[in-house]
Structures are given as structure tokens and as C-alpha cells.
Amino acid sequence: MKQRLLFLLRTYVLTVLLFLLAKVVFMLCNGAGHDVSASDYVDVLRHGLSLDLSTALYFLAVPLLVSLVSVWVKVTRWVLIVYFAVIAFAFALAFVADTSLYPFWGFKLDASCLQYLSQPEGITQSVSVGYLLLRFLLVVALSAFFFLLLSGKTILSASLRNKFLATLAHVLLLPLMVIGIRGGLSESTTNIGQVYYSQNQFLNHAAVNPVFSFLYSLSHQLGDLSQYDFMDDAECKRLTANIYTTESVLTDTLLNTTRPNIVIILLESAGEQFADAMPRLQLLKQEGINFSRCYANSWRTDRGTLCTLSGYPSFPSVSVMKMPEKSRLLPSIARTLKGQGYSTTYLYGGDINFTNMRSYLIATGWERLISMDDYSRSEQSSAQWGVRDDITFNTLYKEIASYESYKTYEPHNFSAGPPFLFGYSTLSSHEPWDVPVHKKSDEVQNAFAYVDDCLCDFVERLKQTPAWQDLLIVITADHGINNGHIDQTTPLQKNHIPMLWIGGAVREPRTVDVLCNQSDMAATLLGQLHLPHDDFAFSRDVLSQTYAYPTAVHNYYNAQWLIDSTGHALYDFDAQRFIVSETTDAARLLSISKAILQLTTQSLKAE
């Protein structure tokens, strides 16, 4: 019996040590720019230990059961060999993925990564083959090392003097393991937030066990949206009563026609943090309508695209675009304008099947799609993600010019042909930042400088055509990104995105300094076109008298940020604490943020 208990103890201790080692490596690889001292390594290990101890017990369960069964029945050692091989690979994959993804995502490994594994080309387009090969080799090497370590002594003695005593010892261990996994006997169970201890969010993330983080998020997907039921429905409705209004009572007219030709351009990752790299876009703001306080709803292209085109909110842990049974039912600008006689076309130079984009676009009213498959082989390989932006901007220009050329042009007269709606997503301002110019030494800044030129050259060319007179171009971004000192802990900077309306359809240049989300563009645009938008339940016409309580919301995995006139706050629902709180009334802002999340997730469950 002693041998069995030592075997279980050895397995448990080694598992905990592997978790601790992974934390050290995580900090060494990702600590640059995060103000990390030697003492922080000790603090991270110390504060994260409770979660490591609980997580290690999950993986001790099988060895314990095998040991218990083998007291009475002979069990081949290959059962444990196979188990340790699987666990070794899982640990290696989790540690490498967590350490590698953190610089891109800014939070710990979670189940959201699974949503992108069905289309791995999105990964290979973001990083080099060498980058992936190195990590593959690391996973293989670490798997072998972990396996040799864990499976070193897996022989369980068959000679037991007292089988009943051995059985009793194992049975007594079971409730102790359950208590340890649960984190004690109190009402609060083991959770990610228990290891948070610092105002430096990187240290909190470093303390989190990546395996637990993944398993926890896996168990809190769409099927568990009830985790966001914070209050009774009456209180939720009371708190959100003035936030979402669907009526347009216009006090301002921005356009000189209610039926312009429309182009909606989503600039990849082009948050306002890159304004210095995009000086020509800043000059364009003086020519059109600049919504100076617009914020992205989410942090990924699939989410931001849907928020913009459907005026629908984002969610912490799910991508609605990847849920065809729900995304096809959403309202959309394309569907509404198609009902008004508009022709609708969407252009994207990448794989339009990625993240279920094709299904979403077709289902929501986009009649014609132009994608990477419509270009030559050389054009398709002009960038890692597909056709680079100067080529696709030229396509968009030709489409607009040719659309107008077949009819005798008369401003505001569409009797010779229907008005059009073009949607367009750029792709070059994305890792690996492979653009054909070298204007700046920093590769990220250089990519945005390139996109700035592509966009503004496109606009200048259109100005020389008759199409300009009735054209409205809406320019915004799908989301912001972590770059330099800007990350999730600086939401004002990271989530701030441009929204600019330019073109001959614009009555006069002006700045709209009303706080809003990218999801509000849909209702605001339709309001200017004097079209109803009651089906856009979460999109607000920010120029309407009914927009009485300006707010902006942004969320990522189990955290939500809210800003209003009193300030802003970012709350982590795992940690159950504020990451950022710069407001005169944090408690009120948190209550409203919870009510918004409850209201929107109820809508998602009901769709």
C-alpha cells in the first residue's frame, strides 16, 4: 500500500511542479514591457499555487481509480502508460499555446481558440511557417519529456497484505480530492479570480493555470449563458430602459440625399492608436463627418464585422458569426437596403469562408460576393491572408466606376439603375504585416501607413468620377489590437476606432462627439436614410433625440468594459473585480454593465 500512496504522491507533486515551471517560462517569454522584477516570479508562483494544486488533482483522479481497482483486479500498466502519454501531450500543447497566443490576445488560454481550429489557414496566415514549426517541435519535445517524467514508475504491486485496508485508504482519498478540486468547503469554489493579486494585469494572468483556464472556459460556453443572469428581469429592464432605443427622432441631417450609393469599409485592426501612422486619414476627417468617440464592441474580425453590419452586440465567449442558426436571423444593413431596391455586393480579398463569413453575408442580404477566389493565382498569394489591399481597393474602384458608367449620370436620379451598397473588409494590417512598401521602420506602423495610402488613393480617384456626387463612404475599423503599451488594460486607447462618413452625399464637414459603439452605425445610417430600424434592437441612432444615455460597451473573454459620462470601468467576471475603474460611481456602472450583458445574452438565447 505504501508503494501505491508514494506513486500517487509522486504523480501529484510532479504535475504541480510542471505547472510551476510553465509559469516561469510564460513570464520569461512574455514579460518584456510589463515591468516584471525577480520578486514577481516568486509572487506569481505563490499566489497561483492554490489553483495549481486544485488543477493537479483533476489529473490525479485516473491514477487513483486505477490504483483502487488494481487492489482487487489485475490492471495492466499500459492503462497508465497511455493515460500519461495523453496527459503529457495535453500539457505540452496547453503550455506552448498559452505562451505563444498571449502576445496576440492579451489573456490566458481559453476555449475560444477552438472556434478557429476548424479553419487553420487563419493561423498559418498570421505567422510564418518557421514560427509554427518551432512550436510544433517544442510540443513534441515537451510531450516526450513530460511523459518520461510522469510515467517513470507506474508499476503497482499486486501483493497486498490487507486489501480492505488499502481499499479504505483509497476511498478516504476520494472525498479529500473532491474537496481539493472544489477549493475547500466554503460556498466559493475554485476559480480563476482567486489567484489575482496585483494591479499589474500581466502578473495576474501569469498566475493563472492555463490548463484550468481552458477547462473552465470550455464549461462556460453558449450552453451556460445563465452565468450572466445577474438580477431579476424587472431590474434588468429598469437599468437598460434608456440605453437601447429603436426610434429615430432626427434633430440633425448629415446627408443631402436619402438614397445615396453607399460603401462601407472595415479597416482591419485600424484603431485610433495608429492615427500617427495614418496621417492622410486624419486629413480626410476634415472633409466629412467624423464620429470622434466611437468604440469597437469586440476584439476579433468576425465579431466586429457582425457588430457593424448587423448592429448586434458582441459577447464575451462566443462568436455569433460562427453560429449560422443564429447569425442568419439577424437584421442587417444589406437586408434593409436590399428591400429598398439597392444592389448589394461584399468584397474581401481573403478566404471568405473563414469564420463562417460567407454564410453570414449571404443569409443577411449580400447578393454578390467577391473574394480571393475571384483573383489570379499570383494575386491570391500577394499576401499571407490573401489579396493585398492595393489590389482589392482597385477592384472596389473599378466596380463603382463601371456601375456608374453604363448610365447617363444625373445627381439624385436612379431611374436608370438601382442604388448600390458595397461592403469591403481590408486585410493587410494584420500579422505578419507583409505589405509591399517600407515607409516606416516599425513593421506594424508600416502596415498601417500602407493601408492609409491605399484608402486615401482610392478616395482621391473616386473624387474625379461622377459617382462621387451621390456617394457615401463609411470608414471604420473592425477592432483595435494589443500593440506597445496598449492592451486590454488600456481600453480607452485600445477600443477607440475611427468612424468617418465622406463623399458627395455628405452635406457638410463636421465632428460628432457623441459617445457610441460601432454597432450604432447601422441605426444611425438608416435613420439618416429615413428608414425604420426597429429590428435593430441593440443599435442606437446616435443623432436622434431618443439617444438620451450615450454609452459604449466592449467585451472579451468573461470581461466587459463600459463607458458613459461618469467615466469607465472594466470588470473581470472570473476574478470578480475591476481591472480598470476610472469613474465617479463604479458600483452603478457595474450594475448597468451586468444588466446590458444579461439583456443581450437573453436575446442570443432567444434567437
Side-chain angles (χ1 to χ4, degrees), residues 193 220 225-247 291 293-299 303-304 307 311-318 320 479-480 488-497 513-524 536-606:
H220 288 73
L225 288 176
S226 59
Q227 64 180 303
Y228 301 123
D229 291 341
F230 301 107
M231 60 196 75
D232 61 62
D233 288 344
E235 178 67 5
C236 179
K237 290 179 181 178
R238 184 187 70 81
L239 289 171
T240 58
N242 295 324
I243 297 178
Y244 295 111
T245 55
T246 59
E247 183 182 7
F291 293 79
R293 300 184 67 198
C294 182
Y295 291 89
N297 291 72
S298 193
W299 59 284
R303 292 158 166 83
C307 291
Y312 199 65
S314 58
F315 300 91
S317 58
V318 296
V320 182
H479 56 81
Q488 303 286 10
T489 63
T490 55
L492 272 175
Q493 292 76 29
K494 178 179 177 180
N495 304 328
H496 190 197
I497 60 172
D513 61 357
V514 177
L515 182 64
C516 61
N517 266 133
Q518 67 189 147
S519 55
D520 297 322
M521 190 275 286
T524 304
F536 292 78
F538 299 102
S539 183
R540 294 86 52 92
D541 182 349
V542 302
L543 298 172
S544 171
Q545 292 179 3
T546 58
Y547 189 48
Y549 179 36
T551 56
V553 178
H554 175 94
N555 49 45
Y556 59 97
Y557 181 69
N558 231 18
Q560 182 157 287
W561 176 70
L562 177 66
I563 178 174
D564 69 3
S565 60
T566 69
H568 67 114
L570 172 61
Y571 190 81
D572 189 314
F573 293 105
D574 283 334
Q576 298 184 9
R577 58 172 285 184
F578 288 103
I579 298 172
V580 176
S581 180
E582 298 179 10
T583 173
T584 56
D585 193 346
R588 183 191 66 86
L589 213 58
L590 177 58
S591 295
I592 295 173
S593 184
K594 287 181 175 180
I596 289 173
L597 190 51
Q598 178 171 322
L599 181 69
T600 54
T601 52
Q602 285 176 346
S603 168
L604 182 60
K605 287 186 287 187

Q.
Under the criterion side chain to side chain contact (heavy atoms under 4.5 Å, CB included), I'd like the reasoning laid out for Ile497 against His479: C-alpha separation, chi angles, the key distance, then a yes or no.
A. CA-CA 7 Å; Ile497 60 172; His479 56 81; 5.9 Å; no
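- One finds the OG1 atom of Thr240 at 15.5 Å from the NZ atom of Lys594 (value rounded to the nearest 0.5 Å).
- Side chains of Ser519 and Ser539: no donor on one and acceptor on the other come within 3.5 Å.
- The shortest distance between side-chain heavy atoms of Val580 and His568 falls below 4.5 Å.
- Between Asp564 and Arg588, at least one side-chain nitrogen of the basic residue sits less than 4.0 Å from a carboxylate oxygen of the acidic one, meeting the salt-bridge criterion.
- Nearest heavy atoms, Ala595 versus Met231: N-CE, 3.8 Å.
- Using a cutoff of 4.0 Å between basic side-chain nitrogens and carboxylate oxygens, Asp229 and Lys605 are scored as salt-bridged.
- Cys307 is not listed as a side-chain neighbour of Tyr312, based on a closest heavy-atom distance of 4.5 Å or more.
- A salt bridge does not link Arg293 with Asp513: none of the charged nitrogens is closer than 4.0 Å to a carboxylate oxygen.
- Leu597 approaches Tyr228 most closely through the heavy-atom pair CD2-CD2, 3.4 Å.
- Asp233 meets the salt bridge (charged side-chain N to carboxylate O under 4.0 Å, His left out) test with no other residue; sequence neighbours excluded.
- In this structure, Arg540 contributes its side chain and Ile243 its backbone to a donor-acceptor pair below 3.5 Å.
- Heavy-atom minimum distance, Ala586 versus Ser581: CB-OG, 3.5 Å.
- You'll find the side chain of Phe578 stays beyond 4.5 Å of the side chain of Asp572, heavy atoms only.
- Annotation: the span from Gln518 atom CD to Ser298 atom OG amounts to 8.0 Å, rounded to 0.5 Å.
- Using cut-offs of 30° and 60° on the angle between ring planes, the pair Tyr571 and Phe573 is perpendicular.
- For Thr245 (side chain) and Glu247 (main-chain N/O), no donor-acceptor pair under 3.5 Å exists by modelled atom type.
- Taking all atoms of both residues into account, the shortest heavy-atom contact from Leu589 to Ala569 is CD2-N, 3.7 Å.
- Using a distance-only test at 3.5 Å, with no hydrogens or angles considered, no donor-acceptor pair links the side chain of Asp520 to the main chain of Cys516.
- Considering all non-hydrogen atoms of both residues, Pro316 and Ala559 come closest at CB-N, 4.4 Å.
- Looking only at side-chain heavy atoms (C-beta outward), Phe315 and Thr601 come within less than 4.5 Å of each other.
- Residues Val553 and Gln560 form a side-chain contact, since some pair of their non-hydrogen atoms from C-beta on lies under 4.5 Å apart.
- Taking OH of Tyr556 as the reference point, atom CG of Asn495 lies at 9.5 Å (rounded to 0.5 Å).
- Counting only distance, with no hydrogens or angles, the side chain of Ser314 and the backbone of Arg303 share no donor-acceptor pair below 3.5 Å.
- Here CZ of Phe230 is found 13.5 Å from CD of Glu235. Values are rounded to the nearest 0.5 Å.
- By the 4.5 Å heavy-atom criterion applied to side chains, Trp561 and Ile579 are not counted as neighbours.
- Rounding to the nearest 0.5 Å gives a distance of 8.5 Å between OG1 of Thr551 and CD1 of Ile592.
- The nearest pair of heavy atoms linking Leu599 to Tyr244 is CD2-CD1, 3.9 Å.
- In this structure, CD in Gln576 is found 8.5 Å from CG in Asp574, a value given to the nearest 0.5 Å.
- In this structure, the side chains of Asn242 and Tyr547 stay at 4.5 Å or more apart for every pair of heavy atoms.
- Side-chain atoms of Ser544 never come within 3.5 Å of backbone atoms of Asp541 as a donor-acceptor pair (strictly under, hydrogens ignored).
- Taking 4.5 Å as the limit, every side-chain heavy atom of Asn517 sits out of range of all side-chain heavy atoms of His554.
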